[in-house]
Enquirer: 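So that we are looking at the same thing, I have put the structure below in structure tokens.
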Amino acid sequence: MQRLIEGVHRFQQERFGQYRELFQKLSTKGQRPHTLFITCSDSRVLAELITQSRPGDLFVVKNVGNIVPPATVSGDTNSTAAAIEFAVQVLKVSDIVVCGHSQCGAVAALMAGGVSRETMPQLSRWLDLALPVRRVIEKEYPHLTGEAERLRAAEEENTLFALENLQTHPCVQARLADGSLHVHAWFFKIATAELFAYDPASKQFEPLAGVSPPKP
Ligand SMILES: [Zn+2]
């Protein structure tokens, strides 16, 4: 807690000055984020840092394993589905990024057979949402025998599965159909802080470094 409070003081004293006007403007004019960014709760994956975004730029959902439950299992209290509806229908973001990452504890737990239903009932049921990923790895990647390779494939497939589930939500479908929304699967490699984007043509995650930004 000490570290957090020190950080708050440091932000107020050393950094807030450069953001004063921006926060002031955002407080009166409201937010207009361009992108809904869905990523893992992992403490090493910082959406704003790795995309150099500023306050007001990203509407961020962080959850264990960057899982997007499909619309059919949204249930009564699904915070990810709630955020998707708000970002897509009210904030009218133009893009949604689902960003998976390397060394993901949630994916590792999923591949290891899940967590204890008895002691961690919520987490266990949450990870069950990604069970199809484990089946895909077992079926499609039997040639991957090394643990690291298998986990990387699972982390990538988990990201694509989330992207697929995202597109089961009616509000997303409607805006994809009229061409006003674009969805992307990204992958963050922790050790080198590199970002990769899934290319449907090559069916691979390709480095974003070589891609020039689209013209605004
Ligand atoms: Zn993770």
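Numbering of ligands and ligand atoms starts at 1, following listing order.
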Enquirer: Which atom names give the shortest non-hydrogen contact between L110 and L127, and what distance separates them?
Expert: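 It is CD1-O, 3.4 Å.
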Enquirer: So that I know where these two stand, are F86 and F59 an aromatic pair - ring centroids less than 6.0 Å apart?
Expert: yes
Enquirer: Applying salt bridge (Lys or Arg N to Asp or Glu O under 4.0 Å), which residue pairs with at least one partner in residues 44-55 are found, sequence neighbours left out?
Expert: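 Counting only pairs at least two positions apart or across chains, the salt bridge (Lys or Arg N to Asp or Glu O under 4.0 Å) contacts touching residues 44-55 are D42-R44.
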Enquirer: Passes side-chain hydrogen bond (donor to acceptor under 3.5 Å, both in side chains), T39 versus N66? Steps please.
Expert: CA-CA 5 Å; T39 193; N66 45 268; 4.7 Å; no
Enquirer: Dump the intermediate steps for side-chain hydrogen bond (donor to acceptor under 3.5 Å, both in side chains) on E157 and Y141, then the final yes or no.
Expert: CA-CA 11 Å; E157 285 292 345; Y141 297 82; 2.5 Å; yes
Enquirer: Could you enumerate the protein N, O or S atoms under 2.8 Å from the Zn ion (ligand 1), written like residue then atom name?
Expert: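 Sorted hits: C40 SG, H101 NE2, C104 SG.
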Enquirer: With a 4.5 Å limit on heavy-atom distance, are the side chains of R117 and D128 in contact?
Expert: yes
